[in-house]
Protein chains: 2
Amino acid sequence: MDTTQRTDQERSADRRRRELLEAADRVVLRDGPGASMNAIAAEAGITKPILYRHFGDKGGLYAALAKRHTDALLEALRAALDAPAERRERVENTLDTYLAAIEARPQVYRFLMHPSEAGTPNDQGFDVGLHSVPLLRRMGEELAEVIEERVDLGPAGQQLARVWGHGIVGMMHAAGDWWLGERPCSRAELVRGLADLLWGRLAAAGDKVGGPGF
Amino acid sequence: MDTTQRTDQERSADRRRRELLEAADRVVLRDGPGASMNAIAAEAGITKPILYRHFGDKGGLYAALAKRHTDALLEALRAALDAPAERRERVENTLDTYLAAIEARPQVYRFLMHPSEAGTPNDQGFDVGLHSVPLLRRMGEELAEVIEERVDLGPAGQQLARVWGHGIVGMMHAAGDWWLGERPCSRAELVRGLADLLWGRLAAAGDKVGGPGF
DNA sequence: CTCACATGTTACTTACGGTAACAGAGTCTG
DNA sequence: CAGACTCTGTTACCGTAAGTAACATGTGAG
């Protein structure tokens, strides 16, 4: 039948696609986000045009690659976010999950956060936003959803939840990036510090009086 | 005299440098961060090697360009941060200053936040961190300093201040990026929402009981 | 057998970062 | 005044990487 054959072919194509993505993964992990299409093709044991037939262009390959990791991370985060525990504990677990992930595989998350020139040739002139890292956006939306369905924020709750979702994700990302670079403290300390920040300790803390020129 | 002449030359070189940077600025504003060295040279009315003599490589030019804008923005932020007002008001003013800046010139901040491939050829294999956007880091450190010298956070205050500095800056950045892309609300509303988040409203809010499956 | 099609290759074009080598103008020194 | 130095500028080139065109080969269907 036509159908079965098409399915066979599609199955084969899908398998091939996965193989290619795994090869790309290895190369990106080894060479960083600047990995060339040639290198990826070589790693997969084939040549460039095949990659282009499967993924269109470099951006397509990178998008597919990013989706895999993003999905995996989001699933882990969802689990931490949905666990049955107090809010503070859930927040800390989520932060810790994220940080553990970027700690375990820094190159992957460097790639996800900085897709670099993926689309350099075209796309000139558009505003900030679209180019921006898809992982951050997706995490922000995801978190916003959880906040909105769990926390009572009054009438404008939905909008506020989105603001917070993106804000918190950005906080986590920037702090994680900095932490990964300098390792100024343990992961647990970082988690605690960020959770304290979200818990309003900035507002609660007193002024420093002994400060210079004050 | 040797000195006066050297000074003359230096003065001239500096002026030239400024002219080149202004040309680069125009091009980057027009073409986005992917602007080519050729395009920049053409805009400045000269050719590539001159750019390379002045800035070493593309990364150097981009760094110089970024420094200009970063310095300008940081100065504005410092003013908001140092204003004589209550903490909450200072925080809101600082957030608003940042958001107003990225709203006024989105391309500039897109460039600052995503220096892209600046150093693609070499630097393979290093961990996350160094590549990361200098503006975010500088803002984070700056804010950490202000927090540390103004807010009493107890014994581990310095470290906590740095965590918070980077965290808050990341929050501001991610939320700003998202807001700029979707414009889901007014600037004032965003500022208020973020300040509320920092003021512990997440911890204070109650659970939503009427939610689905709960 | 032959047509259609998927899979693969080689070889090319184009564009960009970066550099070498050369050319002219002004200036300082013998 | 002659030559050396330096600053500014050029053209022409190299290496690398994205992306494409054209060609080769194997395989199942009619």
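The model shown is predicted, which means the values in this text are computed figures rather than measured ones. Naming: A, B, ... by sequence-line order, numbering from 1 per chain.
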Salt bridge between [X] and [Y], side-chain N to carboxylate O under 4.0 Å?
{"X": "A:Asp25", "Y": "A:Arg18", "result": "no"}
{"X": "A:Arg87", "Y": "A:Glu92", "result": "no"}
{"X": "B:Glu22", "Y": "B:Arg17", "result": "no"}
{"X": "A:Glu148", "Y": "A:Arg162", "result": "no"}

Counting only heavy atoms not in B:Gln158, do more than 12 sit closer than 6.0 Å to its CD atom?
->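 For B:Gln158, atom CD is not crowded (no more than 12 foreign heavy atoms under 6.0 Å).
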Whether over 12 other heavy atoms sit under 6.0 Å from B:Arg192 CZ =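 No, the 6.0 Å shell around CZ holds no more than 12 heavy atoms from other groups.
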Do the rings of B:Tyr62 and B:Phe111 sit parallel, tilted or perpendicular, given the 30° and 60° boundaries?
->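 B:Tyr62 vs B:Phe111 ring planes: perpendicular.
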Do the side chain of A:Glu149 and the main chain of A:Val146 share a donor and acceptor less than 3.5 angstrom apart?
->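 No, the answer is negative, given that no donor and acceptor are paired below the 3.5 Å cut-off.
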Indicate yes or no for a side-chain donor-acceptor contact from A:Trp164 to the backbone of A:Ile147 under 3.5 Å, with no hydrogens or angles considered.
->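 No, because the side chain of A:Trp164 does not come within donor-acceptor range (under 3.5 Å) of the backbone of A:Ile147.
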To the nearest angstrom, how far is [X] atom [atom1] from [N] atom [atom2]?
{"X": "B:His54", "N": "D:dC7", "atom1": "NE2", "atom2": "P", "answer": "11 Å"}
{"X": "B:Arg17", "N": "D:dC7", "atom1": "CZ", "atom2": "C1'", "answer": "17 Å"}
{"X": "A:Asp14", "N": "C:dA6", "atom1": "CG", "atom2": "C1'", "answer": "15 Å"}
{"X": "A:Leu61", "N": "D:dA17", "atom1": "CG", "atom2": "P", "answer": "16 Å"}
{"X": "B:Lys58", "N": "C:dA15", "atom1": "NZ", "atom2": "P", "answer": "15 Å"}
{"X": "A:Phe55", "N": "D:dG19", "atom1": "CZ", "atom2": "C1'", "answer": "16 Å"}
{"X": "B:Met37", "N": "C:dT19", "atom1": "CE", "atom2": "C1'", "answer": "12 Å"}

So, is B:Arg16 near the phosphate of D:dG9, with a side-chain N or O under 4.0 Å from OP1 or OP2?
->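 Answer is yes, contact under 4.0 Å.
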For DNA chain C, find the residues of residues 41-53 of chain B with a heavy-atom distance under 4.0 Å and give them by number; none if there aren't any.
->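 B:Lys48, B:Pro49, B:Tyr52 - these, ordered by number, are the residues of the stretch whose heavy atoms sit under 4.0 Å from the strand.
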Residues in contact with DNA chain C, drawn from residues 19-29 of chain A - heavy-atom cutoff 4.0 Å =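 Nucleic-acid contacts, sorted: none.
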